[in-house]
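Everything on this sheet refers to the single structure shown next.
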Amino acid sequence: MSHKLIAAALCCVSLVSVAEEATAPKVKSPYTASAELGMLFKTGDTNSADVKAGFDFTHEEAAWKSTVTLGLLVKKSEQEDDNGEEHFTTSDQKWTAVGQTNYNLDKTSPNYIYGNVSYEDNRFSNFKSQSSVSTGWGRRWYETEKATLDADIGPGYKRDIIRATDTQPEETKTAFIIQAQALYKREINEHVLFKQLLVAKYAPKSDANSTYKARTSITTKLLETLQLKFSFTLDYNTDVEDGKENVNTETAMTLVYSF
């Protein structure tokens with residue numbers, strides 16, 4: 001009889017433990033990350049392959065929030081060498097890196113101070129590289145259960161290296177800037193997320209180059225950790241060399257893996 005009572009007691013303890021584990025809230029990790037990849041192949045008169053990849057990392061804990069975004073766009077084209085053999089070689093590429101850290105001034109306040117750094121190496125344009133640093137003040141202007149709007153503004157410094165040409169040597173231009181950016185997020189439903197990013201780097205100096213960026217994206221959940229992402233990006237430079245466009249756009253569809 002005593003053995004039966006002991007067995008029953010152990011069963012009760014096990015059931016209670018399982019119930020507690022089921023009802024206990026999961027501790028949210030301060031780290032979130034995602035990686036994306038998309039490819040476009042062309043055949044026929046010209047054979048080429050475009051590869052787009054990206055990586056996003058976020059760490060959020062207490063009053064601190066840090067984000068790192070990396071992007072890569074590679075264009076490989078079939079070209080003929082001196083021996084008449086055709087090979088896929090990298091004809092153009094673009095990679096970007098953007099990092100930002102926010103610090104909330106008060107737990108009950110939507111205001112924060114930020115530091116931002118960015119770098120872009122772009123063979124598609126006449127700029128060999130474009131980099132900037134900025135710091136200032138920001139605020140969460142709008143927040144609901146499904147939507148948020150964050151915007152910040154502050155002074156900064158920009159450095160553009162203009163690629164050398166047959167007639168002009170490589171040139172470096174620096175300028176003081178006012179950087180302003182805004183990010184709007186909205187959950188359309190439990191499977192679809194909309195994002196709108198706007199970034200302006202205005203150089204007050206008359207002959208300095210100002211840059212503006214707008215990126216719109218819609219992410220659709222396919223599985224728990226796999227999403228399909230549609231994005232449209234517009235880049236505008238006020239000062240470019242002859243033969244180059246002020247406005248460049250990029251439309252992409254990529255698979256995103258979150259972990």
Side-chain angles (χ1 to χ4, degrees), residues 36-54 69-79 88-98 116-134 156-184 194-218 229-254:
E36 63 179 281
L37 178 66
M39 303 183 74
L40 173 64
F41 295 95
K42 295 179 181 178
T43 60
D45 294 330
T46 58
N47 296 331
S48 66
D50 296 343
V51 180
K52 179 177 173 60
T69 302
L70 305 175
L72 174 66
L73 178 64
V74 177
K75 182 179 182 64
K76 288 185 173 290
S77 303
E78 194 175 51
Q79 298 180 0
F88 271 98
T89 59
T90 300
S91 54
D92 289 298
Q93 72 177 26
K94 170 185 174 182
W95 69 271
T96 58
V98 180
N116 177 283
V117 59
S118 70
Y119 179 85
E120 178 176 288
D121 182 306
N122 187 359
R123 292 189 193 174
F124 293 93
S125 72
N126 65 299
F127 295 100
K128 185 176 181 180
S129 68
Q130 293 179 282
S131 57
S132 68
V133 293
S134 173
Y157 175 84
K158 184 164 69 68
R159 182 171 181 260
D160 293 343
I161 300 179
I162 302 173
R163 199 181 308 279
T165 65
D166 295 335
T167 58
Q168 296 290 335
E170 183 178 290
E171 184 180 3
T172 300
K173 291 186 176 182
T174 60
F176 168 81
I177 61 171
I178 300 296
Q179 178 170 307
Q181 56 184 0
L183 176 61
Y184 176 73
F194 171 83
K195 288 185 182 181
Q196 179 65 62
L197 173 67
L198 300 172
V199 181
K201 299 178 182 180
Y202 170 68
K205 203 171 163 184
S206 59
D207 61 341
N209 177 49
S210 298
T211 63
Y212 303 91
K213 180 188 293 288
R215 178 180 293 122
T216 305
S217 67
I218 295 178
K229 180 179 177 181
F230 300 89
S231 64
F232 176 79
T233 304
L234 183 149
D235 283 303
Y236 181 83
N237 284 273
T238 59
D239 186 17
V240 297
E241 68 178 13
D242 295 338
K244 294 291 185 179
E245 298 289 339
N246 294 89
V247 179
N248 288 279
T249 63
E250 177 189 306
T251 304
M253 180 175 67
T254 55

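Heavy-atom basis, side chains included; hydrogens, waters and symmetry copies ignored.
- Going from atom CD of Gln130 over to atom CD1 of Ile161 covers 10.0 Å, rounded to the nearest 0.5 Å.
- Between the CZ atom of Phe194 and the OG1 atom of Thr216 there is a distance of 5.5 Å, given to the nearest 0.5 Å.
- Val133 is linked by a side chain to side chain contact (heavy atoms under 4.5 Å, CB included) to Val117, Tyr157, counting only residues two or more places apart in sequence or in another chain.
- Residue Arg163 comes nearest to Phe127 through the heavy atom pair NH2-O, 3.1 Å, listed as atom of the first residue, atom of the second, then distance.
- Looking only at side-chain heavy atoms (C-beta outward), Glu245 and Val240 stay at 4.5 Å or farther from each other.
- Judged purely by distance below 3.5 Å, without hydrogens or angles, the side chains of Thr96 and Glu120 never pair a donor atom with an acceptor atom.
- Considering only residues two or more places apart in sequence or on other chains, Arg215 meets the side chain to side chain donor-acceptor pair (under 3.5 Å) condition with Thr233.
- Between the CG atom of Asn237 and the CG atom of Asn248 there is a distance of 7.5 Å, given to the nearest 0.5 Å.
- Every residue two or more places apart in sequence or in another chain that forms a side chain to side chain contact (heavy atoms under 4.5 Å, CB included) with Ala208 is listed here: Ala175, Ala203, Lys205.
- Under the rule for a ring-ring contact (aromatic ring centres under 6.0 Å, His included), Phe232 has no partner lying at least two apart in sequence or in another chain.
- Thr69 meets the side chain to side chain donor-acceptor pair (under 3.5 Å) test with Asp56; sequence neighbours excluded.
- Residues satisfying the salt bridge (Lys or Arg N to Asp or Glu O under 4.0 Å) criterion with Glu241, sequence neighbours excluded, are absent altogether.
- In this view, Tyr236 and Tyr212, Leu234, Thr238, Asn246, Val247 satisfy the side chain to side chain contact (heavy atoms under 4.5 Å, CB included) rule, not counting sequence neighbours.
- The salt bridge (Lys or Arg N to Asp or Glu O under 4.0 Å) search around Lys201 returns none, not counting sequence neighbours.
- One finds a salt bridge joining Lys158 and Asp160 here, because a Lys/Arg side-chain nitrogen approaches an Asp/Glu carboxylate oxygen to under 4.0 Å.
- Remark: Tyr119 pairs with Trp95, Asp121, Ser129, Ser131 by the side chain to side chain contact (heavy atoms under 4.5 Å, CB included) rule, at least two apart or across chains.
- If you take CD on Glu36 and OG on Ser231, they are separated by 6.5 Å, rounding to the nearest 0.5 Å.
- In this view, Lys213 and Asp235 satisfy the salt bridge (Lys or Arg N to Asp or Glu O under 4.0 Å) rule, not counting sequence neighbours.
- Taking all atoms of both residues into account, the shortest heavy-atom contact from Ile177 to Pro204 is CA-CD, 4.4 Å.
- To the nearest 0.5 angstrom, Ser118 atom OG is 6.5 Å from Gln179 atom CD.
- For the salt bridge (Lys or Arg N to Asp or Glu O under 4.0 Å) condition, the pairs that include at least one residue of residues 167-182, sequence neighbours left out, are Lys128-Glu170, Lys173-Asp239.
- Residues satisfying the side chain to side chain donor-acceptor pair (under 3.5 Å) criterion with Ser134, sequence neighbours excluded, are Tyr114.
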Stepwise side chain to side chain contact (heavy atoms under 4.5 Å, CB included) test for Leu70 and Leu72 = CA-CA 7 Å; Leu70 305 175; Leu72 174 66; over 6 Å; no

